[in-house]
Amino acid sequence: MSAYSSAAASPNDLEAFFMPFTPNRAFKARPRLLTRSKDMHYYTPEGRPVLDATAGLWCANAGHNRDPIVAAIQAQAAEMDFAPPFQYGHPKAFAVSARIAALAPGDLDHVFLCNSGSEAGDTALKIALAYHATTGNATRTRLIGRERGYHGVGFGGISVGGISPNRKLFGSLLPGIDHLPHTYNREKQAFSKGEPEWGAERADALESLVALHDASTIAAVIVEPMAGSTGAIPAPVGYLKRLREICDKYGILLIFDEVITGFGRLGYAFAAERYGVVPDMITFAKGVTSGAVPMGGVLVRKHIYDAFVKSDDPVIDLFHGYTYSAHPLACAASLATLDLYREEGLFERVREIEPIWADAFHALRSKPGVLDIRTVGLVGAVDFESRSDGVGRRAYEGMERLFHEEGMMVRTAGDTFAVSPPLIVSESQMGEIVDKLGRVLDKIF
Ligand SMILES: Cc1ncc(COP(=O)(O)O)c(C=O)c1O
């Protein structure tokens with residue numbers, strides 16, 4: 001078969017692509033193909049619209065194929081395709097870093113750029129270790145994540161991550177890792193809107209880990225302000241502040257993984273602002289370019305940057321980086337995206353529509369089999385009863401039905417539908433999302 005012609009709108013051979021996080025055979029037997037996108041919609045090869053209730057994969061926060069982002073990428077591609085980020089620089093790398101730093105709270109003033117959330121997670125963990133090593137605390141090597149956490153798929157990320165299938169086939173992972181307990185308790189939190197009242201005390205488990213390992217061995221704690229991939233679990237009221245206090249008490253670095261919560265998803269540039277907590281590092285990706293070009297990064301506080309960057313000698317400060325750190329296309333896309341967020345007030349918009357969204361989404365409570373509904377910012381998750389043939393099968397059927405029968409894209413996690421539409425979603429489209437989910441919940445029970 002010829003591999004020379006450019007791909008047809010409908011490929012007739014799906015075999016070669018080993019799809020990530022996908023049941024390949026089930027997909028290839030009944031594909032969900034997308035060929036075009038604009039604003040709130042994807043379009044199938046036949047031209048059928050698919051309402052995007054998940055911003056692609058939590059990333060197209062400004063909506064799809066927005067004209068200024070497309071134009072910025074096209075112009076950059078024509079002007080300069082690539083510039084090495086080691087020992088050379090290009091203006092947009094510095095401009096975009098300054099723009100991102102200006103959006104972050106406190107003295108999170110410096111940005112290390114990479115290409116994905118996974119790279120951002122591993123970068124932050126490496127910076128934490130190197131920071132302690134260079135500041136005379138080389139015994140601080142232990143990294144602490146949280147059960148049900150997701151920090152991408154690098155070895156660092158899966159080691160601190162807390163989702164069993166992402167870890168169990170991949171050997172012994174990094175040594176010296178421990179985990180906080182997750183913060184979900186259905187009995188105490190079911191059907192909360194926003195942050196649940198119960199659960200701040202779960203942060204106290206960090207005190208127990210300090211008692212067990214001793215603070216002098218602990219480098220950093222990494223958590224998502226809202227655990228996304230496990231099914232959208234918002235932080236309990238006061239939980240993140242408590243973690244910050246305990247980290248301060250023992251000299252432990254606190255890292256927020258804001259790969260999902262960054263760039264407006266919870267109504268602020270970063271969720272750190274919503275929660276009034278300044279972590280030592282923030283990882284980001286996805287919404288930084290509205291998904292248009294891969295990009296990720298780590299915001300670090302001044303004291304961390306200063307620990308590495310302290311001399312005029314021409315010696316490398318941090319032995320870490322990626323060929324495509326600060327790729328010109330990504331920087332151009334990000335600058336245009338950040339302009340759009342600002343011009344259209346999209347982060348503020350989420351704050352305004354959050355109560356409307358929450359009320360609309362919680363209406364699904366009356367549907368069959370529903371066990372819990374959670375909303376925070378512009379995120380909604382609905383848990384429902386599993387089928388007797390296994391966890392996740394009912395959700396897969398629902399996702400297929402939503403795509404083929406209702407023309408809508410959602411995420412699934414076990415038997416949970418998670419939705420996170422682009423921040424430009426209209427009120428009538430919010431209603432459409434809830435109606436489509438409701439009809440499919442009726443069908444899968
Ligand atoms: C919280 C969080 N961290 C990290 C990642 C990994 O990002 P990527 O898939 O870009 O490597 C994700 C992806 O969903 C995420 O949700």
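All values below were derived from every heavy atom in this structure, side-chain atoms included, with hydrogens, water molecules and symmetry-related copies excluded. The structure presented is a predicted model; accordingly, all values stated were derived computationally and were not measured. For reference, positions follow the sequence shown, starting with 1. First listed ligand is number 1; within each ligand, the first listed atom is number 1.
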| note | Only one of V278, V298, V300 passes side chain to side chain contact (heavy atoms under 4.5 Å, CB included) with L108, and that residue is V278
| query | Purely on distance, is any nitrogen or oxygen of E119 under 3.5 Å from one on ligand 1? | reply | no
| Does ligand 1 have any atom that is closer than 4.0 Å to a heavy atom of K286? | yes
| Side-chain donor/acceptor of E352 to backbone N/O of R349, under 3.5 Å | no
| field | Per-atom contacts of ligand 1 with S116, taking only distances under 4.0 Å to non-hydrogen atoms | value | 10 (O), 11 (O)
| N-O pairing of D248 and R244 below 4.0 Å | yes
| query | So is W58 polar-close to ligand 1, meaning N/O to N/O under 3.5 Å? | reply | no
| said: Please compare G152, A120, P20, G157 and report which has the shortest non-hydrogen distance to atom 4 (C) of ligand 1. | reply: G152
| query | Could R274 and E195 be called an ion pair, given the rule that one side-chain N must be under 4.0 Å from one carboxylate O? | reply | yes
| Contacting atoms of ligand 1, where contact means under 4.0 angstrom from a heavy atom of S118 | 6 (C), 7 (O), 8 (P), 11 (O)
| Is Y150 in contact with ligand 1, taking contact as a heavy-atom separation below 4.0 Å? | yes
| Between I260 and ligand 1, does any nitrogen or oxygen pair lie at a separation below 3.5 Å? | no
